[in-house]
K.L.:
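Provided herewith is a single structure, encoded as structure tokens, for subsequent inquiry.
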Number of protein chains: 2
Amino acid sequence: MSASFAYATPRPRLEILPRPVGPAYADPALSFEADEEIFAEGEPARYLYRLVSGLVRSCGFDAEGRRYIDRFYRVGDVFGIEDSAEHEFSAEAVTDCVVVPWRRRAVEAEAGRDEAVAKLLLGMATQAMAKARAHARLLARASAPQKLAHFLLELTPPGAGELELAMARQDIADYLGTTIETVSRMLCQLEREHVIEMPVARRIRLRNRAALAALAG
Amino acid sequence: MSASFAYATPRPRLEILPRPVGPAYADPALSFEADEEIFAEGEPARYLYRLVSGLVRSCGFDAEGRRYIDRFYRVGDVFGIEDSAEHEFSAEAVTDCVVVPWRRRAVEAEAGRDEAVAKLLLGMATQAMAKARAHARLLARASAPQKLAHFLLELTPPGAGELELAMARQDIADYLGTTIETVSRMLCQLEREHVIEMPVARRIRLRNRAALAALAG
DNA sequence: CGAGAGATTGACTGCGGTCAAAAAGCGTGG
DNA sequence: CCACGCTTTTTGACCGCAGTCAATCTCTCG
């Protein structure tokens with residue numbers, strides 16, 4: 001990797017916040033600053049995390065140092081669910097954020113006693129599976145314009161026509177398996193075609209959702 | 001899509017085999033011929049299926065008719081697990097095969113009563129999630145040679161050095177998000193470099209596993 | 001207001017896709 | 001068992017999308 005792009009510089013400042021009401025398996029909330037690492041690839045997966053505020057990315061790095069972003073987690077999402085004993089991806093704060101850690105062992109034990117918890121856990125796992133499958137499908141078959149269209153639709157709730165991008169172009173590129181240049185080109189092209197508007201780089205207004213949907217295929 | 005490649009022509013010939021010993025939620029086994037459809041994308045997901053013999057592909061088709069293969073299922077695998085009420089991919093027999101259908105409702109009910117079943121179900125879901133994530137990562141970042149190297153290693157158990165490909169080049173291409181031509185070129189190149197041997201197209205002997213692993217990254 | 005990070009734009013290149021044709025398997029029937 | 005025909009695979013030539021490298025522009029924040 002060239003030195004032109006510096007990745008997260010993790011400074012572990014795990015400030016303990018007042019403990020909110022929560023299930024028995026929940027530990028006190030933790031807060032992280034933007035670009036701080038929450039857990040690392042290969043680290044023992046002893047906790048699940050419920051995202052209370054902010055945005056988190058699940059990502060990995062290959063031998064050449066290139067980053068791949070598996071998923072973004074939004075408020076309410078639970079991340080850190082694994083099949084193995086270790087995390088298969090790192091988790092990093094995209095923005096400042098607050099998470100509630102759930103002790104994995106305790107959650108699993110509770111699932112054995114409480115059917116509702118078991119259902120919750122299964123639901124989170126199947127949802128994660130479905131998301132990962134859809135993402136793989138996108139990466140396998142979509143062209144760059146299609147990827148961007150899909151990404152914008154994924155981020156914009158059915159109602160709203162405007163969104164604030166919390167993540168940088170590099171994050172988008174690493175999520176879509178492409179490059180910042182291509183992301184930039186596609187977004188600018190969409191703006192020229194009046195499909196979107198970008199008053200500033202991080203703010204996007206959807207002008208023609210139908211056109212986006214058609215592009216996404 | 002050009003007319004040069006004909007996909008599966010499903011002829012539903014669901015022969016009922018003698019019922020093997022199995023859990024209460026299992027229905028009698030079904031057998032399918034090569035290229036028969038087991039279930040279709042969008043169809044209500046009322047069953048899970050345990051693969052008893054043969055090979056199955058989980059796949060979808062885009063607007064242009066291009067196929068994407070999400071996963072291959074091997075003997076012992078359970079497929080058809082979904083987050084939603086409908087199947088998000090089709091399942092097709094790659095070779096002749098036999099499956100045992102499990103009634104989804106019954107499995108889920110049993111999971112509520114029997115912790116072991118709940119654990120089994122959760123384990124299958126998290127494993128499917130992990131597989132899908134790994135696949136997405138491969139599709140996002142790997143070059144064509146890397147994809148092929150990864151594929152060969154994925155198919156070859158640690159011990160064995162030889163494998164019989166049950167699937168066609170088109171299946172491999174659709175699984176790796178590439179084309180038959182590229183698959184063919186990469187395999188032939190690997191053979192020229194003495195990394196593998198191909199006495200016939202469907203039989204591959206790994207000559208230099210370390211080189212493959214290095215390629216896969 | 002200045003510095004530095006982040007985003008855009010442009011020129012060029014190369015990997016892998018597309019189209020086309022030849023070769024190799026493989027099953028079927030004489 | 002061999003010959004034929006169809007399918008699958010390989011090979012070749014060419015091209016286009018998106019990656020790379022590099023320069024410029026534009027925010028944001030101190």
Side-chain angles (χ1 to χ4, degrees), chain A residues 1-9 33-35 62 64-68 94-96 138-149 164-174 176-192 196 198-204 215, chain B residues 1-9 33-35 62 64-68 94-96 138-149 164-174 176-192 196 198-204 215:
Chain A
M1 189 187 74
S2 78
S4 65
F5 179 75
Y7 284 116
T9 320
E33 288 180 6
D35 290 327
D62 65 17
E64 294 86 48
R66 287 186 317 166
R67 186 176 65 173
Y68 163 65
V94 175
T95 63
D96 292 356
L138 182 76
L139 292 171
R141 288 307 192 190
S143 64
Q146 286 177 321
K147 286 177 179 177
L148 259 294
E164 193 74 39
L165 291 179
M167 70 285 282
R169 295 291 188 268
Q170 186 71 55
D171 292 307
I172 302 174
D174 292 345
L176 297 176
T178 180
T179 62
I180 38 174
E181 293 93 336
T182 294
V183 169
S184 183
R185 271 187 258 271
M186 296 303 120
L187 287 177
C188 291
Q189 186 181 329
L190 286 174
E191 187 169 38
R192 278 195 303 275
I196 62 170
M198 279 193 294
V200 293
R202 297 290 188 101
R203 170 167 291 277
I204 295 184
L215 238 181
Chain B
M1 190 187 71
S2 78
S4 66
F5 179 75
Y7 284 116
T9 319
E33 287 181 7
D35 289 329
D62 65 17
E64 294 87 49
R66 287 186 315 166
R67 187 176 64 174
Y68 163 65
V94 175
T95 63
D96 291 357
L138 183 77
L139 293 170
R141 288 309 193 189
S143 64
Q146 286 176 321
K147 285 176 178 176
L148 259 295
E164 194 72 40
L165 292 180
M167 69 286 282
R169 296 290 188 268
Q170 186 71 55
D171 292 308
I172 303 174
D174 292 345
L176 297 176
T178 180
T179 63
I180 38 173
E181 292 93 336
T182 295
V183 168
S184 182
R185 271 187 258 272
M186 296 304 121
L187 287 177
C188 291
Q189 186 181 328
L190 286 174
E191 187 169 38
R192 278 195 302 276
I196 63 172
M198 281 192 295
V200 293
R202 298 288 188 101
R203 171 166 290 279
I204 294 184
L215 238 181

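The model shown is predicted, which means the values in this text are computed figures rather than measured ones. In the text below, chain A, chain B and the rest are named by the order of the sequence lines, each starting its count at 1.
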K.L.:
Considering heavy-atom distances to DNA chain D, does Glu181(A) or Ala142(A) have its closest nucleotide positioned more toward the 5' end?
P.N.:
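First, find each residue's nearest nucleotide; the 5'-ward one identifies Ala142(A).
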K.L.:
Separation of Arg141(B) atom CZ from dG16(C) atom P, in whole Å?
P.N.:
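Atom-to-atom, Arg141(B) to dG16(C), this comes out as 14 Å.
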K.L.:
Please tell me if Thr178(B) has a side-chain N or O lying less than 4.0 Å from either OP1 or OP2 of dG16(C).
P.N.:
no
K.L.:
Roughly, in whole Å, what's the span from CZ in Arg66(B) to C1' in dG16(C)?
P.N.:
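Answer to the nearest Å: 13 Å.
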K.L.:
Figure out the CD/C1' separation between Glu64(A) and dG19(D), and round it to whole Å.
P.N.:
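Those two atoms, CD and C1', are 14 Å apart.
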K.L.:
Rounded to the Å, how far apart are Leu187(A) CG and dT9(C) C1'?
P.N.:
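Going from CG in Leu187(A) over to C1' in dT9(C) covers 14 Å.
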K.L.:
Looking at Arg66(A) and Asp174(A), is there a salt bridge between them, counting it only when a charged N and a carboxylate O are closer than 4.0 Å?
P.N.:
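Looking at Arg66(A) together with Asp174(A), the answer is no, because their closest N to O distance does not fall below 4.0 Å.
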K.L.:
Select one nucleotide: of dT20(D), dT8(C), dT9(D), the one nearest the side-chain heavy atoms of Thr179(A).
P.N.:
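Nearest listed nucleotide: dT20(D).
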K.L.:
Could you go through the side-chain contact (heavy atoms from CB on, under 4.5 Å) check for Arg169(B) and Leu187(B) one step at a time?
P.N.:
CA-CA 10 Å; Arg169(B) 296 290 188 268; Leu187(B) 287 177; 3.6 Å; yes
K.L.:
Is there a donor N/O on one and an acceptor N/O on the other, under 3.5 Å, for the side chain of Arg185(B) and the base of dG12(D)?
P.N.:
yes
K.L.:
What integer distance in Å separates Met167(A):CE from dA7(C):P?
P.N.:
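Those two atoms, CE and P, are 11 Å apart.
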K.L.:
Does a side-chain N or O of Arg202(A) approach OP1 or OP2 of dC27(D) to a distance below 4.0 Å, or not?
P.N.:
no
K.L.:
Could you tell me how far apart Gln170(B) (CD) and dT8(D) (P) are, to the nearest whole angstrom?
P.N.:
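Atom-to-atom, Gln170(B) to dT8(D), this comes out as 10 Å.
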K.L.:
Would you indicate whether the side-chain heavy atoms of Leu176(B) and Leu138(B) approach each other to under 4.5 Å?
P.N.:
yes
K.L.:
Closer to the 5' end of DNA chain D via nearest nucleotide, is it Val200(A) or Thr182(A)?
P.N.:
Thr182(A)
K.L.:
Expressed in angstrom and rounded to an integer, what is the separation of Ile180(A) atom CD1 from dA18(D) atom P?
P.N.:
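Distance, rounded to whole Å: 17 Å.
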K.L.:
Mind checking if Pro145(A) touches a base, just sugar-phosphate, or nothing, with heavy atoms under 4.0 Å?
P.N.:
sugar-phosphate
K.L.:
Short question: side chain of Gln189(B), backbone of Met186(B) - any donor-acceptor pair under 3.5 Å?
P.N.:
no
K.L.:
Kindly give the heavy-atom pair with the smallest separation between Ala144(B) and Thr182(B), and that separation in Å.
P.N.:
CB-CG2, 3.6 Å
K.L.:
Could you tell me how far apart Met198(A) (CE) and dC25(D) (C1') are, to the nearest whole angstrom?
P.N.:
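The answer, rounded to whole Å, is 14 Å.
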